[in-house]
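Below is one structure, written out as structure tokens; comments come after it.
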Amino acid sequence: MIKALKYIIPLILAASIAFLGWQLYRYMLRPEDIEILPSKPGDVKEMARLCSMEIYNEVSVLDTVNYKVIFAVQKQSGSISFDMENLRIDDSGDTVKINLPREIVEVYESNEKNAWEVIDTKAIGPMAFLRSNKLSSAEENRVKSKIKAKAIRRLYSNGTVRQARKDAVENLNRLMEAAYRKPVMVTDPTPEGNSK
């Protein structure tokens with residue numbers, strides 16, 4: 001038996017090395033399967049925006065929807081930016097004249113952890129004790145939609161949009177002077193913004 005093992009072990013070892021060598025040889029001869037897909041540009045319009053201001057808010061929410069009261073806290077983020085593709089530029093004279101376009105005000109629920117925290121909900125009105133206190137997803141979304149609209153109105157009323165437009169005029173003036181290498185005059189036809 002020991003004599004047989006003396007021959008079997010080198011034989012198994014040689015067969016294993018031959019098998020691995022054969023697999024390696026086949027792998028080296030195999031043509032590479034590389035699939036080249038056509039490239040697709042990302043959202044080019046996003047790249048053509050001048051961002052004037054980043055927004056972060058934490059708001060408390062007290063609202064009613066379908067005879068239910070909700071008290072919650074929402075963390076919001078967003079931005080006020082300007083579409084560079086809609087700039088009206090007159091570069092025919094000695095001075096480049098630019099009109100600042102309409103602002104793009106975006107407010108979203110933040111992607112932070114606990115960005116939407118419902119503190120309490122309560123059914124109210126007639127027969128409230130027979131109805132659930134819990135809000136459905138549709139009801140929560142309706143509340144969030146109202147919060148977003150209210151946040152955007154607040155940005156106009158508290159002067160945030162006005163400040164963003166003022167900052168955009170200054171930033172655009174510097175940017176365009178560097179690009180055109182001559183005097184630039186950026187005018188803002190609606191310094192209070194376009195809330196409608």
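We're numbering straight along the sequence, starting at 1.
One distance of note links CG of Asp90 with CZ of Arg88; it measures 11.0 Å at 0.5 Å rounding. Thr187 OG1 to Ile98 CD1: the interatomic distance, rounded to the nearest 0.5 Å, is 9.0 Å. Between the CE atom of Met185 and the CG atom of Asn99 there is a distance of 8.5 Å, given to the nearest 0.5 Å. Note that the CG atom of Asp188 and the OG1 atom of Thr190 stand 5.0 Å from one another [nearest 0.5 Å]. Note: Glu170 CD to Leu175 CG = 13.5 Å, rounded to the nearest 0.5 Å. With rounding to the nearest 0.5 angstrom, the OG1 atom of Thr64 is 15.0 Å from the NZ atom of Lys122.
Both Ile89 and Val184 belong to a common hydrophobic cluster when Ile, Leu, Val, Met, Phe, Trp and Tyr are linked at side-chain heavy-atom distances under 4.5 angstrom.
Annotation for Lys134: atom NZ does not count as buried by contact number, only 12 or fewer foreign heavy atoms lying within 6.0 Å. Taking a 6.0 Å sphere around NZ of Lys97, one finds it holds 12 or fewer heavy atoms contributed by other residues, nucleotides or ligands. Within a 6.0 Å sphere centred on NZ of Lys166, heavy atoms belonging to other residues, nucleotides or ligands number 12 at most. The local environment of OH in Tyr67 is sparse, with at most 12 non-hydrogen atoms from other residues, nucleotides or ligands closer than 6.0 Å. The environment of CZ in Arg131 is crowded: more than 12 heavy-atom neighbours from other residues, nucleotides or ligands sit within 6.0 Å. Atom CZ of Phe19 is surrounded by 12 or fewer heavy atoms from other residues, nucleotides or ligands within 6.0 Å. Around atom NZ of Lys150, no more than 12 heavy atoms belonging to other residues, nucleotides or ligands sit under 6.0 Å away.
Clustering of Ile, Leu, Val, Met, Phe, Trp and Tyr side chains at separations under 4.5 Å places Phe129 together with Met127, Leu130. Side-chain heavy-atom separations under 4.5 angstrom define the hydrophobic clusters, and the remaining members of the one that includes Val61 are Val59, Val65, Ile70, Trp116, Val118, Leu135, Val143, Ile147.
Under the side chain to side chain contact (heavy atoms under 4.5 Å, CB included) criterion, Asn111 pairs with no residue at all, not counting sequence neighbours.
Side-chain atoms of Ser110 come within 3.5 Å of backbone N or O of Glu112 as a donor-acceptor pair. Glu103 places a side-chain N or O within donor-acceptor distance of the main-chain N or O of Asn194, the cut-off being under 3.5 Å. Tyr108 places no side-chain N or O within donor-acceptor distance of the main-chain N or O of Lys148, the cut-off being under 3.5 Å.
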Problem - Steps toward side chain to side chain contact (heavy atoms under 4.5 Å, CB included) verdict (Val107, Gln76) - result: CA-CA 7 Å; Val107 176; Gln76 300 171 335; 4.0 Å; yes

Practice task
Please step through side chain to side chain contact (heavy atoms under 4.5 Å, CB included) for the pair Glu58 and Val73, ending with a clear verdict.
Solution key: CA-CA 7 Å; Glu58 193 167 317; Val73 176; 3.9 Å; yes

Exercise for the section: Starting from the C-alpha separation in whole Å, work towards a yes-or-no answer on side chain to side chain contact (heavy atoms under 4.5 Å, CB included) for Val96 and Met176. Expected result: CA-CA 8 Å; Val96 177; Met176 291 303 183; 5.6 Å; no

Practice task
List the steps and the verdict of side chain to side chain contact (heavy atoms under 4.5 Å, CB included) for Leu172 and Phe82.
Solution key: CA-CA 10 Å; Leu172 195 56; Phe82 300 88; over 6 Å; no

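In terms of heavy atoms, Pro191 sits closest to Arg165 at O-CD, 3.8 Å. Contact between Ser132 and Ala123 at its shortest, heavy atoms only, is O-CB, 3.8 Å. Minimum heavy-atom separation, Leu100 to Pro189: O-CD, 3.7 Å.
Within the 4.5 Å cutoff, the side chain of Val169 has no heavy atoms near those of the Asp167 side chain. Between Lys182 and Asp94 the shortest side-chain heavy-atom distance does not fall below 4.5 Å. Side-chain contact between Lys68 and Asn133 is absent, with no heavy-atom pair separated by less than 4.5 Å. Residues Thr121 and Glu140 are not in side-chain contact: their nearest non-hydrogen atoms beyond the backbone lie 4.5 Å or more apart.
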